[in-house]
Amino acid sequence: MAEKVILLKTQPAVGDADESKFRIRYAEALNAQQLAAVVHRDGPLLVIAGAGSGKTRTLIYRVARLIESGVAPGAILLLTFTRRAAQEMLRRVEQLIGERGGQVSGGTFHSFANQVLRQYGNLIGLKPNFTILDRADMEDIINLLRGRMGLGSKERRFPKKAAIAEAISMARNKNRGLKEELELDFPHLLEHEPELISLAEGYEVYKRERGLLDYDDLLFRMAELLTGHDSVRRRLSDTYRYILIDEYQDTNVIQAELVRLLAATHSNVMAVGDDAQSIYSFRGANFRNIMDFPSLFPDTRIIKLEQNYRSLQGILDLANEVISRAGEKYTKVLFTERRGQFRPLLVRAADEHMQSRFIAQRILELREEGVPLGDIAVLFRSSFHSFDLELELQRRDIPFVKRGGFKFIETAHIKDVLAHLRIVTNPADAVSWMRVLVLVEGIGTRSAERLIDTIIHAEQPEEELRRNFGRLGSRAQKAAAGCAELAALIARLRTGQGRPADQLAEVVQYYLPIMRDHYPDDYPKRERDLEHFQDLAERYRSLEAMLADMALEPPSDSIGDVLAVDPEEGYVTLSTIHSAKGLEWRVGFVIWVADGRFPGPMSVRPEELEEERRLMYVAITRARDELYLTYPVYMIERSLGYVMGRASRFIEGIDMTVLPTAMLQEADEEQ
């Protein structure tokens with residue numbers, strides 16, 4: 001396939017016609033598209049870098065080329081999203097051209113803003129010795145103000161400091177008022193809207209009076225400085241004559257505005273990113289930034305990096321097909337010179353458990369074929385999608401580590417529910433009794449310990465619980481009702497003959513009000529976990545068997561604790577797609593590619609669905625050699641029971657030559 005360079009405007013490189021004056025042989029080190037971006041000299045440049053297309057290499061050689069062309073290293077500003085990324089790029093520039101590369105200004109948006117505000121902040125009332133608050137500091141101040149406003153009393157459940165901080169920060173990063181942010185992203189906190197708005201206002205006053213800036217303030221105050229003081233804006237723009245931004249699709253509204261302000265006296269801005277990998281709106285990233293870059297900087301030259309160095313062409317064909325359906329995009333077609341005939345496979349399983357068994361079986365086959373476990377990843381849209389698979393991998397002694405979200409049996413709400421069920425099968429389980437009793441309003445740890453001493457030795461623990469609430473001290477009256485309700489639940493569960501799924505449903509019904517009270521900030525997410533837990537319970541006929549599976553020791557992120565096999569072969573990675581961006585594996589599985597799961601039920605607005613499509617693209621392009629997309633044909637919906645699942649709308653209808661389909665069948669009776 002011929003390489004393509006797509007240009008909106010051709011601008012000859014100034015003084016770069018004679019390649020003999022350059023020590024680096026750029027044409028030998030880069031493909032045609034990368035070279036076009038590297039030799040570009042003046043004017044705005046947007047590099048649309050497809051997945052695995054060598055964008056970092058392009059940035060590094062671009063910096064080296066500018067310096068070799070006579071641009072002073074101190075006139076180059078490289079902005080990234082992590083300090084490590086900036087340091088690594090500048091280190092590689094130094095390797096290319098020597099110590100001059102170390103003189104380039106590079107860092108994160110926040111570190112650069114800190115530097116500028118220390119120098120010029122007095123113009124907006126900031127002393128140079130201002131203190132920067134990290135997220136923990138921010139939460140502590142919010143907690144202090146929350147207490148002063150009388151919003152932290154035990155009698156009234158008010159959002160916790162972390163949730164408040166997240167809402168305030170998200171509103172600022174998305175350039176919204178707090179009221180609008182609550183309506184769109186935190187609707188379960190709307191009942192506290194007046195108090196939250198008042199608290200946010202108090203937080204701003206507190207910081208200004210004490211010379212404090214949080215991370216968001218660094219960007220906002222710098223924008224305030226550059227907007228209000230023309231002399232500073234021009235001085236910085238004249239200093240940094242060439243600005244390069246990595247991962248531009250991940251910038252928020254304020255960061256895009258800062259780039260525009262820094263380029264006030266010139267337009268030498270190079271933005272590198274991929275609109276098809278814009279998946280972080282939940283962190284404040286704005287998809288419109290990369291799409292509107294040519295409007296922000298007229299006469300922008302657009303170069304697309306389309307040659308992929310990661311995946312086989314079959315995987316790229318699927319990625320191209322998925323993203324070609326996007327409503328708004330920079331059209332590009334990924335291609336590779338790698339040889340290989342593999343085609344991705346869409347695997348349909350009867351149910352979720354069969355999906356898990358297929359993946360575990362295929363992982364074991366891959367290991368026999370010589371693929372190290374560390375070269376295998378299973379990706380999913382939401383953390384709870386992997387719960388059943390985690391149990392299956394543990395059952396088969398396949399070591400894994402999970403990235404993004406909590407492991408299923410490590411979440412507090414799952415542990416709470418399991419504790420109630422464990423009491424049913426083992427009334428002497430003091431640990432589970434402790435977890436259950438402290439959930440009852442009016443019972444603390446000491447009171448629970450006294451109750452447990454008598455409960456675990458009784459023939460009928462629920463009756464003993466009813467009799468003993470009088471020993472709870474001054475709060476006995478409040479605790480009595482809770483103990484009676486808990487005792488009634490345990491009695492019903494112990495005497496009932498229902499399936500595990502029915503028993504679990506009864507516990508969940510009892511537990512939901514408690515959970516909403518204990519976890520007011522994020523209970524909607526926890527409710528979805530509990531719903532999925534009920535789905536898992538459907539396949540069990542014995543409560544003891546279910547609890548035995550759940551009681552398996554969960555693997556930790558420590559390799560030494562995880563591995564059940566040779567440490568050299570590593571461990572399978574389970575990861576949310578968001579946590580997998582930028583990574584790659586030899587073999588990839590993407591599970592639950594079913595409508596209602598991917599995209600999820602909460603994604604209803606057009607812009608949300610488009611981001612979900614881009615998320616699918618990111619998932620597909622993580623795989624190098626083999627890719628399997630899976631989904632169950634029969635799925636459980638809380639309100640409808642079993643329903644027929646269908647493939648995600650993002651892959652539905654794709655030609656079989658691009659995405660062949662296979663249906664799993666039982667070879668033998670399940671053991």
Side-chain angles (χ1 to χ4, degrees), residues 1-2 50-53 276-277 306-326 331-350 354-373 375-381 389 572-573 575 577 580 583-595 597-598 613-633 645-665 667:
M1 188 179 208
S53 63
Q277 297 187 68
E306 297 172 295
Q307 183 170 352
N308 179 282
Y309 294 91
R310 176 186 300 156
S311 306
L312 292 177
Q313 189 62 51
I315 294 172
L316 299 181
D317 288 343
L318 176 59
N320 289 333
E321 179 64 29
V322 166
I323 206 62
S324 71
R325 302 177 176 190
T331 301
K332 59 183 178 298
V333 180
L334 298 179
F335 68 94
T336 185
E337 294 181 353
R338 287 191 62 202
R339 301 301 176 197
Q341 299 301 315
F342 180 84
R343 287 283 173 189
L345 187 63
L346 176 62
V347 179
R348 302 169 66 209
M354 181 179 278
Q355 173 181 251
S356 299
R357 288 166 52 214
F358 161 71
I359 292 169
Q361 174 181 304
R362 183 62 188 134
I363 288 172
L364 292 174
E365 292 170 352
L366 287 165
R367 184 169 64 178
E368 290 299 313
E369 294 167 13
V371 179
L373 295 181
D375 280 346
I376 303 171
V378 183
L379 307 182
F380 32 85
R381 171 63 186 86
L389 177 61
V572 176
T573 297
S575 177
I577 301 167
L583 303 177
E584 60 182 74
W585 292 270
R586 182 171 167 182
V587 180
F589 296 86
V590 187
I591 62 174
W592 277 109
V593 290
D595 243 43
R597 298 295 192 277
F598 196 168
R613 186 191 310 279
R614 298 192 292 270
L615 198 61
M616 180 71 79
Y617 171 88
V618 169
I620 291 168
T621 53
R622 298 311 93 198
R624 296 198 302 266
D625 295 350
E626 294 186 30
L627 174 66
Y628 302 90
L629 310 182
T630 70
Y631 75 98
V633 174
R646 65 184 182 91
S648 167
R649 67 190 70 183
F650 304 136
I651 59 172
E652 193 174 42
I654 290 180
D655 193 277
M656 291 279 286
T657 60
V658 175
L659 184 62
T661 301
M663 182 70 188
L664 295 178
Q665 292 183 347

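The shortest distance between side-chain heavy atoms of L615 and F598 falls below 4.5 Å. In this structure, the side chains of V593 and M616 come closer than 4.5 Å at one or more pairs of heavy atoms. Under the 4.5 Å side-chain criterion, counting only non-hydrogen atoms from C-beta, R310 is not in contact with I315. Residues D625 and D375 form no side-chain contact, since every pair of their non-hydrogen atoms from C-beta on lies 4.5 Å or further apart. No side-chain heavy atom of L364 sits under 4.5 Å from any side-chain heavy atom of Q361. Between D595 and S648 there is a side-chain heavy-atom pair separated by less than 4.5 Å. Within the 4.5 Å cutoff, no side-chain heavy atoms of T621 are placed close to those of N308. A heavy-atom distance below 4.5 Å is not found between the side chains of Y631 and R597.
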side-chain contact (heavy atoms from CB on, under 4.5 Å) between V587 and W585, intermediate numbers included: CA-CA 5 Å; V587 180; W585 292 270; over 6 Å; no
Stepwise side-chain contact (heavy atoms from CB on, under 4.5 Å) check, F380 with L389: CA-CA 11 Å; F380 32 85; L389 177 61; 5.8 Å; no
Test log, rule side-chain contact (heavy atoms from CB on, under 4.5 Å), inputs W592 and R381: CA-CA 8 Å; W592 277 109; R381 171 63 186 86; over 6 Å; no
side-chain contact (heavy atoms from CB on, under 4.5 Å) between T573 and L583, intermediate numbers included: CA-CA 11 Å; T573 297; L583 303 177; over 6 Å; no
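Among all heavy-atom pairs drawn from R325 and E652, the shortest one is NH1-O, 2.9 Å. Smallest separation of non-hydrogen atoms from K332 and N320: O-OD1, 4.2 Å. Contact between V590 and A619 at its shortest, heavy atoms only, is CG2-CB, 4.0 Å. Contact between P660 and P344 at its shortest, heavy atoms only, is CD-O, 3.0 Å. Across P372 and R586, no two heavy atoms sit closer than the pair CD-NH1, 4.4 Å. Scanning all heavy atoms of the two residues, the minimum distance from G50 to L334 falls at CA-CD2, 3.8 Å.
Under the 3.5 Å distance criterion, the side-chain polar atoms of T630 are left unmatched by any main-chain donor or acceptor of V347. Under the 3.5 Å distance criterion, the side-chain polar atoms of R367 are left unmatched by any main-chain donor or acceptor of I363.
The CD atom of Q355 sits 13.0 Å away from the CZ atom of R348 when rounded to the nearest 0.5 Å. Taken to the nearest 0.5 Å, the CG atom of L627 stands 10.5 Å off from the CG atom of L312. Atom CD1 of I376 sits about 4.5 Å away from atom CG of L366, to the nearest 0.5 Å. A distance of 6.0 Å separates CG of L629 from CG of L318, quoted to the nearest 0.5 Å. For the atom pair CE (M354) and CD (Q665), the distance works out to 8.5 Å, reported to the nearest 0.5 Å. Here L346 contributes atom CG and I651 contributes atom CD1; the two are 4.5 Å apart, rounded to the nearest 0.5 Å.
Classification of R624 and E584 as a salt-bridged pair holds, one side-chain N sitting under 4.0 Å from a carboxylate O.
Sparse packing is recorded around CD of Q341, with 12 or fewer heavy atoms of other residues, nucleotides or ligands lying under 6.0 Å away.
In this pair, F342 and Y628 present their aromatic rings perpendicular. The plane angle is above 60°, beyond the 30 to 60° band.
Taking R343 as the reference, D317 meet the salt bridge (Lys or Arg N to Asp or Glu O under 4.0 Å) condition, with sequence neighbours excluded.
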